Amino acid sequence: MSEETKALNFIEHIIEEDLQNGLSKDKLRFRFPPEPNGYLHIGHTKAIGISFGLGETYNAPVNLRFDDTNPAKEEQEYVDAIKRDIEWLGYEWANEVYSSDYFQTLYDWAVQLIKDGNAYVDSQSSEAMSAQKGTPTQPGVDGPYRNRSVEENLDLFQKMKAGEYDEGSHILRAKIDMQHVNMHMRDPLMYRVLKKHHHRTGNDWCIYPMYDWTHGESDYIEQISHSLCSLEFKPHRELYDWFKEHVYDYAADKLPMQPKQREFARLNLSYTIMSKRKLLKLVEQKLVSGWDDPRMPTISGLRRRGYTPNSIRTFIEKVGVAKRENVIDVSLLEFCIREDLNYSAPRIMAVLDPIKVVITNYPNDKVEWLEAENNQEDDSAGCRKVPFSKELYIEKADFKEEANSKFFRLKVGSEVRLKNAYIIKAESVVKDANGNITEIHCTYTTDTERKVKGTLHWVSIQHAIKAEVREYDRLFMDEAPDSHQDTDFMEFINPNSLKIIDAFVEPSVLEAQVGDRFQFQRLGYFNVDNDSKAEHLVFNKIVGLRDSWEKQKPNPQQQNNKPQQAQHKRPAIEAIKQLGKKYTNVPEEKQLISKAEIIKLSEEVTYEDLQPLFNTAAKKAGTRIATMIALRVLLKNGQERNSDIEEFITKAKDDKNELLVAEANAI
RNA sequence: UGGCCUAUGGUGUAACUGGAAACACAUUGGUUUUUGGUACCAAAGAGUCUAGGUUCGAUCCCUAGUGGGCCAACCA
């Protein structure tokens, strides 16, 4: 049996290499270091999955460390929420620790650094200091307090600690190099005076350490072997190492391991935002019901929505780990939850948009309790009874007076199977004064062996339970709502992200408990919301079932119009895509040639070919430019403008790629 | 007028020390089906940003471009 070697990500490669170079496996140790200033979101689960996942594969301890160095923003509420979320995801931390646990050690080391001439107290305004700091392209200059004597520095720092100075009057800085190319090395701040109550240390401290100083040394104190964080901390690494190497001189005998920081690209999900600050804004402005609103990308939101821990963990696994910017399609997340729930969720029947069916040849008062399988994917799930009677509800969308043969559902004159029950045939309809159908009259047969094409779900009207169903749509209408320079993310809010439906469900769900998940047959997966009461059931729609019928409906004319293109030749649209992909990278003369080619190819392209490209990822400017050029040709040849086209053009005009803006304006 | 990171199908991630570009999602067909679900089978889709170089051979190494990201909070 040849064991298939699983592909490793770049972090695992680094660890394997370290192990081969002599690092003992029992020295491996990781950490997850959230700041308790907000709720964890789906983006954090990537970091959680990486560090805790590594802990699981190498059987190494993982610390949960709260990076609590800013008492102004941090609260116990967030600590509790974070712990709850990580536990819910199913991870176990070795130690629950706090950066604030190390305040004294950090202080002692800072004093050492001062004594060694590696840190000093600066007493300027923040404006003066930032002016001296320079810019990424210009070196900084030394400030006037840079060469204070060790004694003076020690004295000032001690008095800062003792609370003798006001906030903003003095700070402690590392003494490194104001001309350094890396701005983080230009005498970074280590301590500021902050007379705030801390959620754990109370009023013990008047000075609080900054991130770079605290984070790296916390790793060192905990003897973390690999400190993994997101890409934006890459420039901090040089400082991380500087601090670490200087402190090592003070503690090498007790703390031999020097941690290694490595960075990976954070997770981005299409149509959602990940910034804690922005999520907080949604909560504060009451655009959502709270951090756990089922539309929120927070872990608590996903939990309330009905996502399982397992589905989120497999999602993170599938997403992978690398160093390039990425936008994950939400469809992957949806796939993961469907896959999980398909095996575990019991099926029931519910009608969300009812229309009445009367079985004319069924006795008036008769009720039958028919057997229904709970989950055909799981034999152990067993069966239940569902009541059948003369008057039923089915979905409005499942009936048409007339329809073509592609419509497998109920239409007058033809038969359909009722799930778990009989085969019925629609005979006639009853309409109100406005011509709306109010009843469908059917006949039934008990011969259920017959083969019929469609199967519908239904509920018996007299037995149905009324329930509230909350159906969600994406919170934002834009693929990357917070990446626009002159449009605020709030402008993309989807006003219809919540739809409340009065639904009818089969009586077996009366016993359902908060959190229970079901498949409403043929509709999707739903769970019982926290707001649910015995007398008023509330369900959240987690995700719909895949629906290959719904998908082809919106553009019925598409199928007819599509010319049966011969497939021997490489289609023009493919060639255009190719040219577009490289468009922004090639030299200008070549761009002109490409453009001419695209224009020529566009003559053979249909709108249906082009339309899918409107959804091209925002970052792929080249493809969007090529699409724009082709679109211009189509419009010239008589293609009518529609909302998709308008949206594509408007979005392009707002882009930061000048070539794209120019092409958009040319239309 | 800087530095660092990065570039592989529509999306994401692989390709062990250079050796016929793989997997998953999405898409499109088909089979099965008392869910237009699931499962299964199949197809299409990239020749690895560009230009050079090293090499018998480059997604992988080197150089230079180009595109994208990050870097100037007493935030983390």
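Keep in mind that what you see is a predicted model, and the values were worked out from it rather than measured. Every chain is numbered from 1 and lettered A, B, ... according to where its sequence line falls, protein lines coming before strand lines.
When heavy atoms are screened at a 4.0 angstrom cut-off, T69(A) is found touching the sugar-phosphate backbone but no base atom. At the heavy-atom level, F315(A) lies nowhere under 4.0 Å from the strands shown. Residue contacts shown for R347(A) include a base, since a base heavy atom lies under 4.0 Å away. Note on N420(A): a base of the nucleic acid sits closer than 4.0 angstrom, heavy atoms only. Looking at heavy-atom distances under 4.0 Å, S130(A) makes no contact with the nucleic acid at all. Counting any heavy atom pair closer than 4.0 Å across all strands shown, H215(A) reaches no nucleic acid atom. I328(A) comes within contact range of the sugar-phosphate backbone alone, with a heavy-atom separation under 4.0 Å but no base atom that close. Among the atoms of the strands shown, base atoms are found under 4.0 Å from some heavy atom of F233(A). Within 4.0 Å of V321(A), counting heavy atoms only, lie sugar-phosphate atoms of the nucleic acid but no base atom. The residue K419(A) sits close to a base: some heavy atom pair falls under 4.0 Å. Among the atoms of the strands shown, none is found under 4.0 Å from any heavy atom of E373(A). Within 4.0 Å of E35(A), counting heavy atoms only, lie sugar-phosphate atoms of the nucleic acid but no base atom. Contacts of Q124(A) with the nucleic acid, taken as non-hydrogen atoms under 4.0 Å apart, include base atoms.
Between rC74(B), rU34(B), rG69(B), one nucleotide has an atom nearer to the side chain of T448(A) than all others, and that is rU34(B). The side chain of I171(A) has rC74(B) as its nearest neighbour among rA14(B), rG37(B), rC74(B). In this structure, the nucleotide among rA76(B), rG36(B), rG37(B) sitting nearest to the side chain of F408(A) is rG36(B). Taking every side-chain heavy atom of L332(A) into account, rC25(B) is the closest of rC4(B), rU35(B), rC25(B). Candidate nucleotides rA72(B), rA26(B), rU33(B) were compared by shortest atom distance to the side chain of T135(A), and rA72(B) ranks first. In this structure, the nucleotide among rU13(B), rG37(B), rA72(B) sitting nearest to the side chain of E377(A) is rG37(B). Side-chain proximity of V181(A) to rG37(B), rA14(B), rG3(B): nearest is rG3(B). Proximity note for N9(A) (side chain, C-beta onward) versus rA76(B), rG37(B), rA14(B): the nearest is rA14(B). Checking rC71(B), rU38(B), rC4(B) against every side-chain atom of P235(A), the shortest atom distance belongs to rC71(B). The nucleotide whose nearest atom lies closest to any side-chain atom of Y343(A) is, among rC75(B), rU35(B), rA39(B), rA39(B).
The separation of rU38(B) from rU48(B), taken at their C1' atoms, amounts to 36 Å, rounded to a whole angstrom. Atom name C1', nucleotides rC4(B) and rA72(B): the rounded distance is 15 Å, in whole Å.
Look at F335(A) and the base of rA26(B); the rings do not stack under the cut-offs of 5.5 Å between centres and 30° between planes.
Heavy-atom nearest nucleotides on RNA chain B were determined for H13(A) and for E74(A), and the one closer to the 5' end corresponds to H13(A). Between N182(A) and F520(A), the residue whose closest nucleotide on RNA chain B is further toward the 5' end is F520(A).
Pairing partner, rA64(B): rU50(B), with both Watson-Crick or wobble hydrogen-bond distances short of 3.5 Å. Base pairing of rC75(B): no nucleotide in any strand meets the Watson-Crick or G-U wobble criterion (both distances under 3.5 Å). With a cut-off of 3.5 Å on both Watson-Crick or G-U wobble distances, the partner of rA58(B) is given as none. The nucleotide rU32(B) finds no pairing partner, because no Watson-Crick or G-U wobble arrangement with both distances shorter than 3.5 Å includes it. Across all strands shown, rC4(B) pairs with rG69(B); the Watson-Crick or G-U wobble distances both stay below 3.5 Å.
For the pair K419(A) and W458(A), the NZ or CZ position fails the cation-pi test of under 6.0 Å to the six-membered ring centre and within 45 degrees of the ring normal.
Exactly one of E506(A), E371(A), E373(A) qualifies for a salt bridge (Lys or Arg N to Asp or Glu O under 4.0 Å) with R384(A). That residue is E506(A).
One donor-acceptor pair, N or O on each side, does fall under 3.5 Å between the base of rG36(B) and the side chain of R409(A). Side-chain atoms of Q376(A) stay outside donor-acceptor range of the base of rU34(B), with no qualifying N/O pair under 3.5 Å.
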**Study point:** Stepwise ring pair (Phe, Tyr, Trp, His ring centres under 6.0 Å) test for H215(A) and Y211(A)
**Key:** CA-CA 6 Å; H215(A) 184 88; Y211(A) 165 82; 4.9 Å; yes
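In summary, K278(A) and D482(A) engage in a salt bridge, as defined by a charged side-chain N under 4.0 Å from a carboxylate O. The pair D187(A)-K133(A) does not meet the salt-bridge criterion, since no charged nitrogen lies less than 4.0 angstrom from a carboxylate oxygen. We find that E263(A) and R237(A) are joined by a salt bridge, their nearest charged nitrogen and carboxylate oxygen being less than 4.0 Å apart.
Rounded to an integer number of Å, the gap from CD of Q132(A) to P of rC74(B) is 13 Å.
Considering only heavy atoms from C-beta on, F66(A) stays 4.5 Å or farther from Y78(A) through its side chain.
Within 6.0 Å of NZ in K196(A) there are more than 12 heavy atoms belonging to other residues, nucleotides or ligands.
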